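Reviewing the structure listed below.
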Amino acid sequence: MPIETIEPRRLYRQVADHLKELIDRGEYKVGERLPTERELSDKLGISRPTVREALIALEVEKRVRIRVGSGIYVTEPPEAPSHLPPLTVPVEGPFELLRARAFIEGAIAAEAATHAGSSDIETMDRLLAAMERAGGSDNAEIIALDRQFHQAIAATVGNAVILRFVGDLFDQRINPYFQRLSRYFETPDTWRAAIDEHRAIRDAIVARDPHQAREAMRHHLQQSQSRFSASFEEEEIPSGA
């Protein structure tokens with residue numbers, strides 16, 4: 001038998017597979033409501049963000065349906081046509097990616113505070129003005145501007161590898177998992193908050209303050225995690241509801 005590569009499964013994927021197994025065994029039937037995020041977190045002994053990543057994975061795979069303000073419900077498993085390849089599942093979860101970006105891009109922002117020139121600042125200001133005009137009404141447009149802003153900061157370092165790396169990291173959010181999270185938690189208000197955070201990063205870079213630039217970038221990406229961490233259940237719903 002040929003030896004195959006064994007890829008480690010992230011915790012959220014293990015949780016998703018465990019819940020799927022429970023559903024397949026009939027522990028939770030089609031139409032039934034799963035325990036709340038808090039209950040699953042307590043029972044499984046893991047963080048709520050990990051539970052949320054697992055639930056998003058199951059919704060992308062059409063095994064559950066998330067109703068914000070109500071709960072998570074088991075759905076009829078899809079009948080995938082045999083000619084279609086299986087869903088490609090990213091190894092890293094959204095929160096793991098954002099934590100990595102906070103660490104890496106924080107260091108890059110600190111470098112930008114010592115390297116940015118007038119043309120770099122002009123580029124940041126142009127992108128911030130475009131974000132203000134977009135106002136979060138067109139999600140695709142503002143995500144593209146968001147990417148350009150983060151790459152504009154990376155470009156100040158003058159290293160093509162770092163520039164490409166930041167772009168590649170950002171592009172990992174263009175997948176079904178992030179799209180589902182965005183659908184639930186990104187609004188014009190959250191984008192306005194993100195634009196204010198971008199402006200704080202820009203101001204720290206202009207002030208030539210590496211420490212503040214690093215902290216402003218980390219704060220921005222930590223706040224992004226927080227925005228994606230809002231509970232799916234606004235209130236506890238009786239199990240018979």
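Atom set for the values below is all heavy atoms of this structure, side chains included, hydrogens, waters and symmetry mates excluded. Note that the coordinates shown come from a computational prediction; the quantities given were computed from them, not determined experimentally.
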**Request:** Kindly indicate, with the supporting measurements, whether the criterion side-chain contact (heavy atoms from CB on, under 4.5 Å) is fulfilled by Val206 and Met124.
**Result:** CA-CA 10 Å; Val206 170; Met124 292 181 214; over 6 Å; no
**Asked** Run the salt bridge (charged side-chain N to carboxylate O under 4.0 Å, His left out) check on Asp42 and Arg38 step by step: do they pass?
**Response** CA-CA 6 Å; Asp42 291 342; Arg38 182 183 295 109; 5.9 Å; no
**Request:** Run the numbers on Phe170 and Asp146 for side-chain contact (heavy atoms from CB on, under 4.5 Å), then give the verdict.
**Result:** CA-CA 9 Å; Phe170 191 97; Asp146 189 7; 3.7 Å; yes
**Request:** Test side-chain contact (heavy atoms from CB on, under 4.5 Å) on Leu55 and Leu34 and set out the steps.
**Result:** CA-CA 10 Å; Leu55 293 172; Leu34 290 180; 4.1 Å; yes
**Request:** Please lay out, stage by stage, how Asp24 and Arg63 fare under the test salt bridge (charged side-chain N to carboxylate O under 4.0 Å, His left out).
**Result:** CA-CA 10 Å; Asp24 289 341; Arg63 300 308 304 271; 2.7 Å; yes
**Asked** Hey, mind stepping through Glu61 and Leu58 against side-chain contact (heavy atoms from CB on, under 4.5 Å) and telling me if it holds?
**Response** CA-CA 5 Å; Glu61 294 166 13; Leu58 289 178; 4.2 Å; yes
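Thr156 places no side-chain N or O within donor-acceptor distance of the main-chain N or O of Ala152, the cut-off being under 3.5 Å. Formation of a donor-acceptor pair under 3.5 Å by the Arg192 side chain with backbone atoms of Thr187 is not found in this model.
Considering only heavy atoms from C-beta on, Leu97 comes within 4.5 Å of Phe178 through its side chain. Counting heavy atoms from C-beta on, the side chains of Ile66 and Arg180 never come closer than 4.5 Å. At least one side-chain heavy atom of Asp17 sits less than 4.5 Å from a side-chain heavy atom of Lys20. Using a 4.5 Å heavy-atom cutoff, the side chains of Val74 and Lys29 are not in contact.
No continuous path of ILVMFWY side-chain contacts below 4.5 Å connects Leu163 to Ile205, so the two sit in separate hydrophobic clusters.
The CD atom of Gln151 sits 11.0 Å away from the CD1 atom of Ile153 when rounded to the nearest 0.5 Å. Going from atom CG of Asp209 over to atom CZ of Arg214 covers 10.0 Å, rounded to the nearest 0.5 Å. Here the NE2-CG distance, from His220 to Asp196, works out to 11.0 Å after rounding to the nearest 0.5 Å. The line from CH2 of Trp191 to NE2 of His198 is 7.0 Å long, rounded to the nearest 0.5 Å. Atom CD1 of Ile142 is separated from atom CD1 of Ile195 by 4.0 Å, given to the nearest 0.5 angstrom. Atom CD1 of residue Ile201 and atom NE2 of residue His219 lie 9.5 Å apart, to the nearest 0.5 angstrom.
The pair Arg99-Glu96 does not meet the salt-bridge criterion, since no charged nitrogen lies less than 4.0 angstrom from a carboxylate oxygen. Glu141 and Arg133 are not joined by a salt bridge, as no carboxylate oxygen comes within less than 4.0 angstrom of a charged side-chain nitrogen.
When all heavy atoms are compared, the tightest approach of Phe185 to Arg227 is CB-O, 3.4 Å. The nearest pair of heavy atoms linking Thr75 to Val30 is O-CG2, 3.9 Å. Summarising the geometry of Met217 relative to Ala109, their closest heavy-atom pair is CB-CB, 3.9 Å, with the distance given to 0.1 Å. Between Pro35 and Leu40, the shortest heavy-atom distance links the atoms O-CD1, 3.7 Å. Residues Ala213 and Ala113 share a closest heavy-atom pair of CB-CB, 4.2 Å. Heavy-atom minimum distance, Glu132 versus Arg199: OE2-NH2, 3.5 Å.
Residue pairs satisfying the side-chain hydrogen bond (donor to acceptor under 3.5 Å, both in side chains) criterion with at least one member in residues 102-119, sequence neighbours excluded, are listed as follows: Arg101-Glu105, Glu105-His150. Applying the salt bridge (Lys or Arg N to Asp or Glu O under 4.0 Å) definition to pairs two or more places apart or across chains, those involving residues 117-131 are Asp125-Arg202.
Other residues, nucleotides and ligands contribute over 12 non-hydrogen atoms within 6.0 Å of the CZ atom of Arg147.
Counted by atom type alone, Arg33 and Ser70 present zero donor-acceptor pairs between their side chains at under 3.5 Å.
Remark: Arg52 is not positioned above the aromatic ring of Phe228, lacking an NZ or CZ atom under 6.0 angstrom from the ring centre and at most 45 degrees off the axis.
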